[in-house]
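These notes concern the structure reproduced below.
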Amino acid sequence: MSATPTIAFDPARCDGCGDCMRACASAKSTHGNTAQSRIRIVHDDEAGHWGVAQCRQCGDPRCASVCPAAALAKGDDGVVAWDAGRCVNCLICTAGCTFGGIAFSADEGHVVKCDQCAGAPQCVAACTRGALRYVTAAKLYNRWGELEDLFVPGLGGCQGCNTELIMRHTLRRVGPNTVLATPPGCIPGMGSVGYNGMLGCKVPVFHPLLTNTASMLTGIRRQHKRKGRNVTALALAGDGGAGDVGFQSLSGAAERGEQILFVCVDNEGYMNTGAQRSGSTTYGAWTATTPIGDSARGKAQDAKNLPLLMMWHGCEYVATASTAFMEDFYAKLEAALDASERGFAYLHLYSPCTSGWRFPSASNIEVARTAVETNFAVLWEYRREQGLTLSRDIDDPLPVTDYLKLLGKFRHLDPAQIAHIEQHVAEQAQVLRELAGMRSREGKRIVCHPSDSMAVDLDQ
């Protein structure tokens with residue numbers, strides 16, 4: 001299947017003129033009535049800008065899945081097509097679509113939806129302000145669009161949580177030949193181990209304790225190898241299950257070089273049980289166990305740098321990633337998957353928590369992107385043969401305060417606390433900068449596994 005074409009909408013360019021609705025109605029409806037337009041421009045009073053209600057031509061269309069007559073189906077051209085011969089006018093599809101992309105037309109006497117005008121959308125042509133664009137998807141989809149989606153719809157996650165993005169894309173890339181471990185946390189809470197009596201993943205899943213994810217996965221991987229089966233042993237764990245109570249099994253598996261792909265979804269706390277602080281929680285942050293009061297001003301300790309700790313284990317591969325930079329995420333996921341065939345691979349994903357961090361649910365990607373652009377979450381990767389390399393330039397970051405002001409958990413910070421965080425961020429960036437600057441001397445590597453690198457005298 002080729003890349004799916006779609007109609008992209010830019011609210012910053014839309015002034016609500018309605019030309020797109022008139023063009024659609026003229027092209028598609030019987031009487032040219034704008035009430036029958038397949039695209040609807042609506043004003044979001046809360047956000048203060050215009051929005052769009054239109055068929056998104058979803059990859060896994062909900063309207064089609066709920067249709068009892070199989071009158072809706074996604075075609076090879078990427079368009080969700082409606083079949084008049086099958087439709088029984090039950091209108092269940094209108095309840096299934098959460099985007100307002102399919103609606104009943106009184107003039108037509110049946111449901112109507114966007115069909116993208118056979119590749120020449122009239123609404124796009126009518127928009128003189130550039131708010132609508134007809135695009136054939138991103139490079140990311142062009143490359144990975146044919147992979148099977150192994151995570152089914154109907155999640156139990158908080159609104160705006162990006163854990164679904166992480167799970168869906170990780171499983172798509174890793175593939176169906178996988179055994180997945182998800183210790184207690186937000187990930188099993190979202191549905192990896194079942195909801196409403198059904199399993200959310202299409203791959204085998206087991207639910208270890210917080211403390212033994214890596215050790216249980218070690219046994220599963222070894223048993224499959226003993227049986228002659230080459231499966232991917234994948235862990236999707238929170239920062240508590242990876243860096244706090246689960247660190248002993250994680251450290252042991254990494255030190256032994258077990259053939260595991262371990263993904264840590266770091267939302268800086270135990271968020272599914274009430275937003276308690278973890279070792280990854282940032283200094284000064286409000287959590288349920290580091291409250292704000294007369295004598296307390298949030299967490300009193302700096303966050304541990306778990307990915308750096310894993311690098312010093314001499315893993316086959318270690319990297320940090322963010323859902324705000326999906327191309328980078330996919331590249332590192334592919335490298336980690338390949339490395340897990342030879343030894344332990346660790347991927348650390350920064351995952352903003354809408355409820356625990358106290359920011360609007362629509363701002364998740366903005367928060368994730370700003371964390372990277374301010375050096376709060378530096379993106380890098382480590383390979384045994386190449387050492388540590390930075391994925392992005394970190395020499396001209398945005399002010400750290402640009403990130404802090406986005407989050408309610410930092411709203412109480414005083415100048416001294418902000419200065420402490422700024423200094424810590426700068427120090428961590430400098431450590432990574434210096435590690436990335438170390439290069440081979442006389443054929444010997446400097447930032448690699450202790451057994452073959454740290455014996456090098458850096459002063460010579």
Side-chain angles (χ1 to χ4, degrees), residues 3-59 61-64 72 74 77-82 91 93-138 141 159-162 165 324 326 354 359-370 402 405-406:
T4 301
T6 188
I7 297 174
F9 175 73
D10 184 353
R13 292 175 177 269
C14 181
D15 63 359
C17 69
D19 287 348
C20 56
M21 291 192 292
R22 286 186 283 275
C24 178
S26 177
K28 295 295 181 182
S29 71
T30 304
H31 307 294
N33 185 349
T34 56
Q36 307 304 319
S37 171
R38 275 66 165 165
I39 182 172
R40 304 294 303 170
I41 301 298
V42 294
H43 192 260
D44 186 334
D45 293 333
E46 183 175 345
H49 56 64
W50 294 90
V52 66
Q54 188 182 33
C55 178
R56 309 296 176 91
Q57 318 296 350
C58 302
R62 184 66 173 166
C63 60
L72 292 158
K74 191 171 181 66
D77 59 356
V79 175
V80 179
W82 171 74
L91 306 187
C93 55
T94 63
C97 177
T98 58
F99 303 110
I102 186 166
F104 178 75
S105 168
D107 284 358
E108 306 295 337
H110 53 72
V111 293
V112 294
K113 64 176 294 299
C114 173
D115 61 2
Q116 297 188 347
C117 300
Q122 296 302 297
C123 57
V124 176
C127 181
T128 59
R129 294 158 184 80
L132 293 172
R133 292 182 299 117
Y134 187 58
V135 296
T136 54
Y141 190 87
Q159 188 175 30
C161 178
N162 71 345
L165 275 177
M326 291 298 289
T354 53
F359 62 86
S361 58
S363 303
N364 197 302
I365 298 301
E366 178 189 0
V367 170
R369 182 182 297 109
T370 308
D402 283 6
K405 69 183 181 184
L406 295 176

Looking at [atom1] of [X] and [atom2] of [Y], how far apart are the two atoms once the value is rounded to the nearest 0.5 Å?
X: Arg40; Y: Thr34; atom1: CZ; atom2: OG1; result: 6.0 Å
X: Thr6; Y: Arg133; atom1: OG1; atom2: CZ; result: 10.0 Å
X: Ser29; Y: Arg22; atom1: OG; atom2: CZ; result: 13.0 Å
X: Leu406; Y: Thr370; atom1: CG; atom2: OG1; result: 5.0 Å
X: Ile41; Y: Asp15; atom1: CD1; atom2: CG; result: 10.0 Å

Would you say the side chain of [Y] lies within less than 4.5 Å of the side chain of [X], judging by non-hydrogen atoms?
X: Val111; Y: Cys93; result: yes
X: Gln122; Y: Ser26; result: no
X: Ile39; Y: Ile7; result: no
X: Lys113; Y: Leu72; result: yes
X: Gln54; Y: Arg38; result: no

Grab the two heavy atoms, one from [X] and one from [Y], that are nearest each other, plus how far apart they are.
X: Val79; Y: Asp77; result: N-OD1, 3.1 Å
X: Thr354; Y: Pro360; result: CG2-O, 4.5 Å
X: Phe99; Y: Cys58; result: CE1-SG, 3.8 Å
X: Leu132; Y: Cys123; result: CD1-O, 3.7 Å
X: Gly119; Y: Tyr134; result: O-CE2, 3.4 Å

Inset, instruction - For Gln36 and Ser105, test the side chains for any donor-to-acceptor distance below 3.5 angstrom and give the result as yes or no. - result: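 Yes.
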Inset, instruction - Kindly assign one of parallel, tilted or perpendicular to the pair Trp50 and His43, based on the angle between their ring planes and the thresholds 30° and 60°. - result: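 The rings of Trp50 and His43 stand perpendicular, inter-plane angle above 60°.
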Inset, instruction - Show the numbers, then the answer: is there a side chain to side chain contact (heavy atoms under 4.5 Å, CB included) between Phe359 and Asn364? - result: CA-CA 8 Å; Phe359 62 86; Asn364 197 302; 4.1 Å; yes
Legend entry - Pair Asp115 + Lys28, salt bridge at N-O below 4.0 Å: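 Answer for the salt bridge query: yes.
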Inset, instruction - Return yes if some donor-acceptor pair links the side-chain N/O of Gln57 with the main-chain N/O of Cys114 below 3.5 Å, else return no. - result: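 Yes, because the side chain of Gln57 sits within donor-acceptor range (under 3.5 Å) of the backbone of Cys114.
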